[in-house]
Amino acid sequence: MLVTARPDVVDEELWRAIAAVDTPVVLVERAADGAPTSLRIDAVRSDHSFGAELAVDHLAERGHRSVGLLCRETATAPWIAKGHRRAVERRGLASAPVMTAPSPRWGDDSRADVLREFLDACLAEGVRAAVVLPDELAIGLLSVVEERGLRVPEDFAIVAYDDEVASLASVPLTAVDPPRTAVGRR
């Protein structure tokens, strides 16, 4: 089983390395699009785009006319962004801030700055809901929202994507839980 750093493998050097492996290879949570057919490589992954669409649909069904997106730079972020975009277009929602948060570094407070900037952009545009990847970033946004005197979900709704620790927040967050067990079984 192999998990690459990027969601889409387009690296010829990586394909050559996989070809040199004497055992069957399965890409996990990655796409094998573009793999040389001689590799006969398998891949299994969650449909993260669909998961993001479910999150947007959940918020739209609760009356939100626009839904922001905040993602950390992760391998699944491009799929989350694609699903968010599809759902926003399909539902005819108003545009909303879409931001990428850098991966945190020890002692770096840039995450807090990004969270404040994202919330400011949302509030300035009248956006009162967001999908956030991963849970820790969603919990951080929850803290920033509460610091502003706003209530979650009444004043600003947050749906976390990953569902690893979302229920442990001061206000347990609604979350999309990718089917990890099913991916493992497959």
For the student: nearest non-hydrogen atoms of [X] and [Y], plus distance:
{"X": "Glu73", "Y": "Pro102", "value": "OE1-CA, 3.7 Å"}
{"X": "Ser66", "Y": "Leu93", "value": "CA-CB, 4.3 Å"}
{"X": "Glu29", "Y": "Ser46", "value": "OE2-OG, 2.7 Å"}
{"X": "Cys71", "Y": "Leu137", "value": "C-CD2, 4.1 Å"}
{"X": "Ala94", "Y": "Val88", "value": "O-CG1, 4.4 Å"}
{"X": "Ile158", "Y": "Ala138", "value": "CG2-CB, 4.0 Å"}

For this session: Could you grab the distance from atom CG of Leu115 to atom CD1 of Ile139, nearest 0.5 Å is fine?
Result: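 So the gap between those two atoms works out to 11.5 Å.
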Exercise. Quick one: side-chain hydrogen bond (donor to acceptor under 3.5 Å, both in side chains) partners of Arg151, sequence neighbours excluded?
Worked result: Asp155
Exercise. Does Arg148 have any side-chain hydrogen bond (donor to acceptor under 3.5 Å, both in side chains) partners at least two apart in sequence or in another chain, and if so, which?
Worked result: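 So Arg148 forms a side-chain hydrogen bond (donor to acceptor under 3.5 Å, both in side chains) with Asp120.
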Exercise. Any ring pair (Phe, Tyr, Trp, His ring centres under 6.0 Å) pairs touching residues 149-168, not counting sequence neighbours?
Worked result: His48-Tyr161
Exercise. Can you list the residues that meet the side chain to side chain contact (heavy atoms under 4.5 Å, CB included) rule with Ala157, with sequence neighbours excluded?
Worked result: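 Per chain and number, Ala157 pairs via side chain to side chain contact (heavy atoms under 4.5 Å, CB included) with Leu59, His64, Ala129, Pro153.
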For this session: List for me each residue that meets side chain to side chain contact (heavy atoms under 4.5 Å, CB included) alongside Met99, sequence neighbours excluded, and say none if there are none.
Result: Leu70, Val114, Glu117, Phe118
Exercise. Would you say Leu123 and Leu150 make side-chain contact, with heavy atoms under 4.5 Å?
Worked result: yes
Exercise. Could you give all pairs that pass the salt bridge (Lys or Arg N to Asp or Glu O under 4.0 Å) test and reach residues 122-134, with sequence neighbours left out?
Worked result: none
Exercise. More than 12 non-hydrogen atoms from neighbouring residues, nucleotides or ligands closer than 6.0 Å to CD on Glu61, yes or no?
Worked result: yes
Can I get a per-line list of side-chain donor-acceptor pairs under 3.5 Å for residues 164-176, giving both atom names and the distance, sequence neighbours left out?
| residue | atom | partner | partner atom | Å |
| --- | --- | --- | --- | --- |
| Glu164 | OE2 | Arg180 | NH2 | 3.4 |
| Ser170 | OG | Glu146 | OE1 | 3.3 |
| Ser170 | OG | Glu146 | OE2 | 3.4 |

Side chains of residues 50-58: which donor-acceptor partners sit under 3.5 Å, not counting sequence neighbours?
| residue | atom | partner | partner atom | Å |
| --- | --- | --- | --- | --- |
| Glu53 | OE1 | Arg90 | NH2 | 3.1 |
| Glu53 | OE2 | Arg86 | NE | 2.7 |
| Glu53 | OE2 | Arg86 | NH2 | 2.6 |
| Asp57 | OD1 | Arg90 | NH1 | 3.3 |
| Asp57 | OD1 | Arg90 | NH2 | 3.0 |
| Asp57 | OD1 | Arg91 | NE | 2.7 |
| Asp57 | OD2 | Arg90 | NH2 | 3.1 |
| His58 | ND1 | Arg62 | NH1 | 3.2 |

